[in-house]
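In what follows, residues are counted from 1 in the order of the sequence shown.
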Amino acid sequence: MNEQGVNEELAKTRTNVERKLNSTMPGLAAFLEKLEVRSQDSDFETLRAMVKEALKDGAQGALELPPPPRWQDHLIEEKIDHNASVLDVGCGEGDLLVRLSEARQARVQGIELDQEMAMRCIERGIPTYHGDLEASLQNFQDESFDFVILEETLQTLQHPIEVLRELLRIGKKVVVSIPNFAHWRVRLAFSLGGRMPRTASLPHTWFNTPNIHLCTLNDFMDWVEMDQVHILESWSLVSGRVVPYQSEHNLTAEQALFLLSRKGDAPGNARAK
């Protein structure tokens, strides 16, 4: 879905939910607005219906399955042009870069904070910079890569917005994947359980989680609008299936993947200089 379609869907969802909230409990929408909740994408009855559907086969049948491992990789591989230059920020042991090098003949490079993982990349023939992911980005020139990838790393960064802006400066196109902290299971676990949620997609406890900036899909879309970023393509992982992103996925998607470019890169536009 393109940026205009996303904004239209978000506006429609907000209007419908506010109408439901006010009919169920007059003044609730205004109360949430005073709490600086910018929009509402569900109501209590919606959450109740989702729980009922999950429990229809009993508690055992409602258990959440973990997401497919590295489900984003094959989508990313399909979007990378042959012979493209690719930078993977937080590349781990380089599994994706190896695939892109072999399948797409891509010219690849990685950045990895973990020393052992960075050494493993180098052993596999991948040029890799070992160091702080955020500080190292300033060393790259504008548009020095065709693609820059940030896979399941955004929520672990100290300054995520600054990093996103740097990636859009460095790469002609940017791939970002994020977990969705607004998934309905997460909401229920926190609101009813009163503790930090643990789900199959977010398995860590509060004291050992690498996630320091909790982001929802709506939060991400707020940044897209604020920085006037163009969404080229987008996908969501919903109940183990990869589907095109829709605005209602803020409630139902465990994770999402976005292919981005700067505003001047929208189809039909000349690149902004």
Side-chain angles (χ1 to χ4, degrees), residues 67 70-73 75-76 86-97 108-118 120-121 126 128-145 147-183 186 196-199 201-231 234-237 245 250 253-262:
R70 302 190 66 88
W71 64 272
Q72 306 97 328
D73 282 8
L75 286 171
I76 296 173
V86 180
L87 175 67
D88 191 350
V89 180
C91 61
E93 294 186 349
D95 293 342
L96 177 59
L97 291 180
V108 300
Q109 183 172 344
I111 304 176
E112 177 53 50
L113 178 62
D114 184 276
Q115 184 174 4
E116 291 186 6
M117 288 185 175
R120 175 60 179 150
C121 288
I126 301 170
T128 303
Y129 174 82
H130 167 238
D132 181 80
L133 307 184
E134 302 186 45
S136 61
L137 293 175
Q138 62 185 345
N139 297 320
F140 293 94
Q141 296 181 352
D142 295 359
E143 300 185 4
S144 51
F145 287 88
F147 292 86
V148 180
I149 299 170
L150 189 72
E151 187 175 358
E152 297 186 6
T153 304
L154 182 66
Q155 72 281 0
T156 70
L157 301 174
Q158 289 284 348
H159 305 98
I161 296 299
E162 288 81 353
V163 168
L164 287 169
R165 290 169 178 166
E166 280 289 273
L167 300 186
L168 287 165
R169 177 186 65 80
I170 296 167
K172 298 175 183 177
K173 295 179 181 179
V174 174
V175 179
V176 179
S177 72
I178 59 172
N180 177 29
F181 289 88
H183 186 264
V186 176
M196 293 304 295
R198 291 183 65 188
T199 69
S201 294
L202 302 169
H204 303 283
T205 57
W206 68 270
F207 54 82
N208 67 3
T209 179
N211 303 319
I212 59 175
H213 284 107
L214 313 185
C215 177
T216 73
L217 297 188
N218 279 358
D219 290 325
F220 190 82
M221 289 301 174
D222 287 343
W223 166 74
V224 166
E225 181 179 356
M226 178 179 68
D227 274 26
Q228 297 187 330
V229 176
H230 185 68
I231 299 176
S234 52
W235 305 265
S236 298
L237 182 69
Y245 170 82
N250 193 55
E254 296 99 339
Q255 300 174 3
L257 177 68
F258 299 91
L259 179 62
L260 310 171
S261 69
R262 292 185 294 182

Close side-chain approach of [X] and [Y], heavy atoms under 4.5 Å:
| X | Y | value |
| --- | --- | --- |
| Glu134 | Glu166 | no |
| Phe181 | Asp219 | no |
| Leu164 | Leu154 | yes |
| Pro179 | Ser201 | no |
| Leu260 | Ile231 | yes |
| Leu157 | His213 | no |
| Glu112 | Cys91 | yes |
| Asn211 | Met196 | no |

- Query: Can you name the residues that form a salt bridge (charged side-chain N to carboxylate O under 4.0 Å, His left out) with Asp227, not counting sequence neighbours?
  - Reply: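 Asp227 satisfies salt bridge (charged side-chain N to carboxylate O under 4.0 Å, His left out) with Arg165 once adjacent residues are dropped.
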- Results of salt bridge (charged side-chain N to carboxylate O under 4.0 Å, His left out) for Asp114 - residues two or more places apart only: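 Checked Asp114 against salt bridge (charged side-chain N to carboxylate O under 4.0 Å, His left out); zero matches.
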- Item | Side-chain donor or acceptor of Gln138 paired with backbone N/O of Ala135 under 3.5 Å |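 Answer holds: yes.
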- Distance-only, no hydrogens or angles: does the Arg120 side chain make a donor-acceptor pair with backbone N or O of Gly92 under 3.5 Å?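 A pair under 3.5 Å: no.
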When rounded to the nearest 0.5 angstrom, what distance separates [atom1] in [X] from [atom2] in [Y]?
| X | Y | atom1 | atom2 | value |
| --- | --- | --- | --- | --- |
| Lys172 | Asp142 | NZ | CG | 12.0 Å |
| Leu87 | Ile111 | CG | CD1 | 4.5 Å |
| Leu168 | Glu143 | CG | CD | 11.0 Å |
| Leu133 | His159 | CG | NE2 | 13.0 Å |
| Thr209 | Leu214 | OG1 | CG | 7.5 Å |
| Gln155 | Leu150 | CD | CG | 8.5 Å |

For [X] versus [Y], what's the shortest heavy-atom pair and its separation?
| X | Y | value |
| --- | --- | --- |
| Val229 | Ser261 | CG1-O, 3.4 Å |
| Thr216 | Ile178 | O-CD1, 4.4 Å |
| Ser136 | Tyr129 | CB-CE2, 3.3 Å |
| Gln109 | Leu97 | O-CD1, 3.5 Å |
| Leu217 | Asn180 | N-OD1, 3.2 Å |
| Ala253 | Ser236 | CB-CB, 3.9 Å |

- Task: Apply side chain to side chain contact (heavy atoms under 4.5 Å, CB included) to the pair Tyr245 and Met221, showing each step before the final yes or no.
- Result: CA-CA 11 Å; Tyr245 170 82; Met221 289 301 174; 3.2 Å; yes
- For the ring pair (Phe, Tyr, Trp, His ring centres under 6.0 Å) test, which of Trp223, Trp235, Phe220 pairs with Phe258?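 Exactly one pass, corresponding to Phe220.
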- Partners meeting side-chain contact (heavy atoms from CB on, under 4.5 Å) with Glu151 (sequence neighbours left out):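 In terms of side-chain contact (heavy atoms from CB on, under 4.5 Å), with neighbours along the sequence ignored, Glu151 is linked to Arg70, Gln72, Asp73, Ile76, Leu96, Ile149, Ser177.
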- Task: Dump the intermediate steps for side chain to side chain contact (heavy atoms under 4.5 Å, CB included) on Thr153 and Val89, then the final yes or no.
- Result: CA-CA 8 Å; Thr153 304; Val89 180; 5.7 Å; no
